[in-house]
Number of protein chains: 2
Amino acid sequence: MDQALQSRVPGRDEAQAPAPMFDLIELFFFAYRDFVSDADRLLEDIGFGRAHHRVLHFVNRQPGLMIAELLDILGITKQSLNRVLKELLDTGYVEARPGVTDRRQRLLFPTAKGRRLAMDLSDLQSRRFERALSDLPKDAKVPAIDFLLAMIDPAQRDKVTSLVWGKPREETK
Amino acid sequence: MDQALQSRVPGRDEAQAPAPMFDLIELFFFAYRDFVSDADRLLEDIGFGRAHHRVLHFVNRQPGLMIAELLDILGITKQSLNRVLKELLDTGYVEARPGVTDRRQRLLFPTAKGRRLAMDLSDLQSRRFERALSDLPKDAKVPAIDFLLAMIDPAQRDKVTSLVWGKPREETK
DNA sequence: GAAATATGTCAATATGGCTGACGTAAAAGG
DNA sequence: CCTTTTACGTCAGCCATATTGACATATTTC
């Protein structure tokens, strides 16, 4: 049996089973690990964690976000959000204003300080993408985006794309 | 000012700052979230978490792995590993055998049961990659691998590539 | 025989999640 | 107007995963 041409012989119980893609599985794991580690280092100086980062990020991206929308984006419970959000409010990175047409709502806005931190974090992460893309052929960004998008549950894809590229969020809805 | 052609006007303090790549940042976040969620669902029936998954995965991939090597791959402390590993040993998914040349070592092997679970999990995750790649042009796997690899810290890249593609691990070293 | 190595273990702590239950103010619908 | 629904907050307890620091033990190496 020529190992170079056929590196694997199917056993009896696995007639047609395609071999798992260990390469993609493992690379995705390690790539994501390094990706988040950049921000982690910056955050720990301030005493914040990843949870704070995510909240600040999306509030910065969609100023005027409602609590309910934020919960939906993050996919966590309000109890989980609350501790983290409270710290962001207390330390002046985020501020909440009651909705104009619906005063039950608390619309979240980044402060100047919050915008600065959010941008520093995004810049850090962007730099990793830039370094990565500079190692790759010219227009490697497009297939990267396509790949990541295709990895997302089809049912959620619309929500994500409109979050990423769409609707700049109208004033107070 | 034509919004369609020029959607953003640089302010005074940000003359040359490149805009952060929000698209890649957010897509990477959501894609990874969905990626791990597949395995999570299968694991929770057995009462295992992500930590168990990672340990089982790498033990299955490199049968005979030493504790120290595993710690290095996972990037966690031995105390963190221990509880999780103990559960995998107790429930018969992994077994430990003393090293032949060095009896201090505990070499980790997956049991038949462990191999089956590891494969089920890898198959699940592979199916997501397959679905994703099937949405994309023919050889989209290559740029995806290149992109993920480029995202990993250069200092760690050799370690990762040899883990992913290299050395099938010699018997007892 | 001493030192370095591979591993285990006890204890305390942080973080980021969860469920369940209950409270309150404002809006919406009859 | 009154009831119900909605948007949110809060208390309490629990779980999983990680951390640091200290100490113990067996084995190998020098």
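Just so we're clear, the structure is a prediction, and the values are computed from it rather than from any experiment. First the proteins, then the strands, lettered A, B, ... as listed; each starts at 1.
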Do B:Leu43 and B:Leu74 belong together in a cluster built from hydrophobic side chains that touch within less than 4.5 Å? yes

How would you list all residue pairs meeting side chain to side chain donor-acceptor pair (under 3.5 Å) that involve residues 110-125 of chain A, not counting sequence neighbours? none

B:Arg104: which residues meet the salt bridge (charged side-chain N to carboxylate O under 4.0 Å, His left out) condition with it, sequence neighbours left out? B:Asp102

Rounded to the nearest 0.5 Å, what separation is found between the NE2 atom of B:His57 and the CG atom of B:Leu121? 10.0 Å

Nearest whole Å is fine: how far is D:dC8 C1' from A:Leu108 CG? 11 Å

Going from CG on B:Leu163 to CD on B:Glu69, what distance comes out if it is rounded to the nearest 0.5 angstrom? 9.5 Å

Residues in salt bridge (charged side-chain N to carboxylate O under 4.0 Å, His left out) contact with B:Glu130, at least two apart in sequence or another chain: none

Could you tell me how far apart B:Leu89 (CG) and C:dT7 (P) are, to the nearest whole angstrom? 13 Å

Separation of C:dT5 atom P from B:Asp72 atom CG, nearest Å, is 15 Å

For every nucleotide of nucleotides 25-30 of chain C, 5' to 3': is a protein heavy atom under 4.0 Å from its base (B), only from its sugar-phosphate (S), or from neither (-)? -BS---

If you take any heavy atom closer than 4.0 Å to DNA chain C, which residues from residues 77-84 of chain B end up in contact? B:Lys78, B:Gln79, B:Asn82

Partner residues of B:Phe147 under the ring pair (Phe, Tyr, Trp, His ring centres under 6.0 Å) criterion, sequence neighbours left out: none

Starting at CD of A:Gln105 and ending at C1' of C:dT24, how long is that distance when rounded to a whole Å? 16 Å

Those stems involving DNA chain D that have three or more consecutive Watson-Crick or G-U pairs, both distances under 3.5 Å, are C:1-30 with D:1-30

Identify, with sequence neighbours excluded, every residue that meets salt bridge (charged side-chain N to carboxylate O under 4.0 Å, His left out) alongside B:Arg127. none

Can you list every salt bridge (Lys or Arg N to Asp or Glu O under 4.0 Å) pair that touches residues 150-160 of chain A, not counting sequence neighbours? A:Asp72-A:Lys159, A:Asp153-B:Arg128, A:Arg157-B:Asp135

What residues in residues 34-57 of chain B put a non-hydrogen atom under 4.0 Å from any atom of DNA chain D? B:Gly49, B:Arg50, B:Ala51, B:His52, B:Arg54

Restricting to pairs with a member in residues 80-100 of chain B, which pass ring pair (Phe, Tyr, Trp, His ring centres under 6.0 Å), not counting sequence neighbours? B:Phe48-B:Tyr93

Starting from P on D:dT25, measure out to CD1 on B:Ile67 and report it in whole angstrom. 19 Å

B:Glu26: partners by salt bridge (charged side-chain N to carboxylate O under 4.0 Å, His left out), with sequence neighbours left out: A:Arg61

What one should report as the nearest heavy-atom pair of A:Arg33 and B:Gly75 is NH2-N, 3.7 Å

Could you tell me whether A:Arg97 sits above the aromatic face of A:Phe109, with NZ or CZ closer than 6.0 angstrom to the six-membered ring centre and within 45 degrees of the axis? yes

For the pair made of CG in B:Leu70 and C1' in C:dA6, what is the distance, rounded to whole Å? 14 Å

Which sits closer to the 5' end of DNA chain D, A:Ala68 or B:Glu87, going by the nucleotide each is nearest to? A:Ala68

